[in-house]
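Below: the structure, in structure tokens.
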Amino acid sequence: EKNIKLNDVITFLSQEIDTKGTPITHRVVGILKTSDGERAYRTKGDANQNEDEGYVEESDIVGKVKLRLPYLGQLTVLLNSLFD
């Protein structure tokens, strides 16, 4: 996805040592151009007080959130409780 803007919600693969490769979904709060002309993104989780450490590179991005389904997680919990 090359059309990422401020406030878009993206999913990217973590590059942190203890969570490397884990998909993370956070909001874009800053965009910059790197020295090689690529874009890098500053992110922050909506429930977090502070921005994430470091930047997300384009190569680590899995995709951009295009649809949000509120309460889907609660439906999953309810269905699981019915069939346990």
Side-chain angles (χ1 to χ4, degrees):
E1 178 68 56
K2 301 289 184 189
N3 196 17
I4 295 171
K5 304 177 294 300
L6 282 177
N7 291 315
D8 282 348
V9 178
I10 61 172
T11 298
F12 58 93
L13 299 178
S14 172
Q15 294 303 315
E16 298 294 319
I17 292 171
D18 56 341
T19 59
K20 188 167 180 72
T22 302
I24 297 174
T25 301
H26 281 176
R27 187 172 305 278
V28 174
V29 294
I31 302 173
L32 71 115
K33 288 250 186 197
T34 63
S35 58
D36 59 358
E38 295 290 318
R39 294 172 81 181
Y41 303 91
R42 190 83 156 140
T43 58
K44 178 183 171 294
D46 288 349
N48 298 341
Q49 296 257 343
N50 300 316
E51 293 179 0
D52 299 334
E53 296 283 328
Y55 290 91
V56 176
E57 297 182 18
E58 285 186 318
S59 60
D60 295 324
I61 296 175
V62 176
K64 180 167 80 168
V65 173
K66 297 203 182 226
L67 175 67
R68 184 175 161 261
L69 298 172
Y71 308 110
L72 182 61
Q74 291 177 350
L75 177 61
T76 303
V77 170
L78 174 66
L79 291 173
N80 283 336
S81 69
L82 293 174
F83 295 105
D84 275 346

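These figures come from a predicted structure and were not determined experimentally.
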Do [X] and [Y] sit in the same hydrophobic cluster, where Ile, Leu, Val, Met, Phe, Trp and Tyr count as joined when their side-chain heavy atoms come under 4.5 Å apart?
X	Y	result
Val28	Leu32	no
Ile24	Ile17	no
Leu13	Tyr55	no
Leu67	Val9	no

Determine the minimum heavy-atom distance between [X] and [Y], stating which atoms define it.
X	Y	value
Glu53	Arg42	C-NH1, 3.8 Å
Asp52	Gly45	OD1-N, 4.2 Å
Arg39	Ile4	NH2-O, 3.2 Å
Thr25	Thr11	OG1-OG1, 2.7 Å
Ile31	Leu6	CD1-N, 3.8 Å
Glu38	Glu58	OE1-OE1, 2.6 Å

Check step by step if side-chain contact (heavy atoms from CB on, under 4.5 Å) holds for Asp8 and Tyr41. CA-CA 11 Å; Asp8 282 348; Tyr41 303 91; over 6 Å; no
If you draw a 6.0 Å radius around CD in Glu57, do more than 12 non-hydrogen atoms from other residues or ligands fall strictly inside?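 Counting neighbours around CD of Glu57, 12 or fewer heavy atoms of other residues, nucleotides or ligands fall under 6.0 Å, so no.
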Hey, is the main chain of Lys5 close enough, under 3.5 Å, to the side chain of Lys64 for a donor-acceptor pair?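 Between the backbone of Lys5 and the side chain of Lys64 there is no qualifying donor-acceptor contact (under 3.5 Å).
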Is there side-chain contact between Arg27 and Asn7, with heavy atoms separated by less than 4.5 Å?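 Yes - at least one pair of side-chain heavy atoms lies under 4.5 Å apart.
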Is there side-chain contact between Asn48 and His26, with at least one heavy-atom pair below 4.5 Å?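 Of all side-chain heavy-atom pairs linking His26 with Asn48, at least one is under 4.5 Å.
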Spatial distance of atom CD (Gln15) from atom OG1 (Thr22) [nearest 0.5 Å]: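 So the gap between those two atoms works out to 10.0 Å.
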